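Quick caveat: nothing in here was measured; it's all calculated off a predicted structure. When a ligand or atom number is given, it counts from 1 through the structure's own listing order.
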Amino acid sequence: MLKNKWYIVLSSEEIKKNKILKVKLFGEEIIFWRDSNNIVHAIDSRCPHRKADLSLGKIVKDCVQCPYHGFMFNGDGQAVLIPSLGKSAKLNPNFKVKSYRVKEYKNFIFLWYGDENPNDEIIWLDGIDDSFSYSTLKSIWNVNYTRAIENQLDVSHLPFVHRTTIGRGNKTLVNGPIAELDGDVLNVWVCNEVDNDQTPKKSNEINKEQCTGRLQLIFPNYWQNMINDKVRIVAAFVPQDENTTILYVRLYQKFLNAPLLKNLINFIIMSFNKIVLNQDKGVVESQVPKFSDISNKELLVQADSPILLFRKYMHEKMK
Ligand code: FES
Ligand SMILES: [Fe+2]
């Protein structure tokens, strides 16, 4: 897994006040909670004393108290109370549990995965601001997150996997696409059309203005389909472990703002998105191996250039 990056790991509303949430991420069990200032904290769920599950404990004075012998840990993972030693005991700093840096941004929870010091800056998706409303759906896929991401960079699967939904129109021929890597951002311009015996154009023979679709991936794990200025589909691909990914899919829209109507339209579009997502899920879970890598023996074609760029980036950063 790519290290030293801010990953989206949860949707904000999943962490409720006064409730500890346990989540499996990167193969580890991690607990999250909010303190009295609404700041989110994350630490490993295993108590370092005798390994009870801290998620069964409770939140006391902004700390988590272990259910077994009452050790209390703050948001930095430091033990601040060991009841059997007394309230006034000076505690050895070794009494601590691993903590994670987290930030709440755009109603997502971001977690810094890696040992280096975190960057302060989180890169956000172009053009999505607070004037959009959104609704979220969650889906668990039995694949490595790299496969799930590649599926959203795959411009030639639409008329096959999504023949009955977003891939109608039989646009099987792929010009380009144009794929550009700019730091941690991968931008893709899509230019598919019906096959009338023409030869597909190369990426340098088309221009961005004539492209009809636009995708954007921000490494390590979030993406958008820029449908237009008022509608975006966003997805985050959260690695639960090597072979399991939790997808958060959000519809962002600002063409309808009236409260009831807005909820209704968000619901209808999300139901449609659920169908589209399930069409992808079946085929992506069938891929072998369950992760993508530049060394995978796959016969890539011109239309796969965004996938190749993704693999090159991952290969370079994982060295
Ligand atoms: S196991 Fe947690 S305090 Fe003992
Ligand atoms: Fe798809």
Side-chain angles (χ1 to χ4, degrees), residues 20 22 29 31 33 43-61 63-74 77-87 89 91-92 94-99 137 139 141 143 145-172 174 177 188 190 192 212-217 223-227 232-237 245 247-251 269-270 272-287 292 303-304 306-307 310:
I20 301 170
K22 182 165 79 169
E29 291 196 319
I31 58 167
W33 76 99
I43 61 175
D44 272 350
S45 78
R46 280 295 134 201
C47 179
H49 177 221
R50 301 227 349 260
K51 305 290 177 183
D53 183 351
L54 289 172
S55 74
L56 302 175
K58 55 185 178 183
I59 301 165
V60 180
K61 294 183 185 156
C63 296
V64 165
Q65 180 159 46
C66 180
Y68 204 176
H69 312 95
F71 284 32
M72 273 169 60
F73 300 94
N74 67 17
Q78 203 63 55
V80 294
L81 174 72
I82 297 179
S84 61
L85 297 177
K87 282 200 284 264
L91 300 183
N92 184 324
N94 288 337
F95 281 109
K96 64 175 186 187
V97 57
K98 183 173 179 186
S99 66
L137 75 80
S139 174
W141 287 23
V143 291
Y145 76 117
T146 50
R147 284 288 194 198
I149 289 176
E150 284 189 353
N151 171 239
Q152 302 302 341
L153 298 174
D154 184 319
V155 300
S156 62
H157 78 290
L158 295 163
F160 301 97
V161 174
H162 305 300
R163 197 174 50 249
T164 55
T165 53
I166 52 171
R168 279 200 216 108
N170 207 28
K171 293 185 179 175
T172 53
V174 177
V188 180
V190 186
N192 299 357
T212 49
R214 186 63 216 286
L215 309 170
Q216 181 174 60
L217 171 72
W223 165 99
Q224 66 167 324
N225 183 348
M226 303 162 86
I227 311 270
R232 304 293 171 90
I233 310 282
V234 168
F237 310 88
T245 302
L247 271 80
Y248 288 86
V249 178
R250 278 190 186 170
L251 162 76
I269 301 180
M270 278 318 255
F272 178 72
N273 280 339
K274 217 179 213 164
I275 297 169
V276 174
L277 202 63
N278 277 331
Q279 292 177 325
D280 283 318
K281 185 175 190 273
V283 73
V284 176
E285 287 184 338
S286 80
Q287 288 180 283
S292 91
D304 297 319
I307 291 170
F310 172 78

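At a heavy-atom cutoff of 4.0 Å, ligand 1 is contacted by the side chain of Y68 but not by its backbone.
Interface of C66 with ligand 1, defined as ligand atoms under 4.0 Å from a residue heavy atom, comprises 1 (S), 2 (Fe), 3 (S). Near F71, meaning under 4.0 Å from any of its heavy atoms, are these atoms of ligand 1: 3 (S). In summary, the atoms of ligand 1 found under 4.0 Å from a heavy atom of A52, numbered by their order in the structure, are 1 (S).
With hydrogens and angles left out, the side-chain atoms of T164 and Q279 include a donor and acceptor closer than 3.5 Å.
The nearest N, O or S atom of D280 is closer to the Fe ion (ligand 2) than 2.8 Å.
Nearest non-hydrogen protein atom to atom 1 (S) of ligand 1 is R50 N, 3.3 Å.
With atom 4 (Fe) of ligand 1 as the vertex, ND1 of H69 and ND1 of H49 span 90° to the nearest 10°. Between the NE2 atom of H157 and the NE2 atom of H162, the angle centred on the Fe ion (ligand 2) amounts to 100° when rounded to 10°.
A heavy-atom distance below 4.5 Å is found between the side chains of W141 and N151. Residues L158 and I166 are in side-chain contact: their nearest non-hydrogen atoms beyond the backbone lie under 4.5 Å apart.
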Step by step, work out the side-chain contact (heavy atoms from CB on, under 4.5 Å) result for Q152 and N225.
CA-CA 9 Å; Q152 302 302 341; N225 183 348; over 6 Å; no

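Between H49 and H69, the ring-plane angle classifies as perpendicular under the 30° and 60° cut-offs.
Distance alone, capped at 3.5 Å, places no donor-acceptor pair between the D44 side chain and the R46 backbone.
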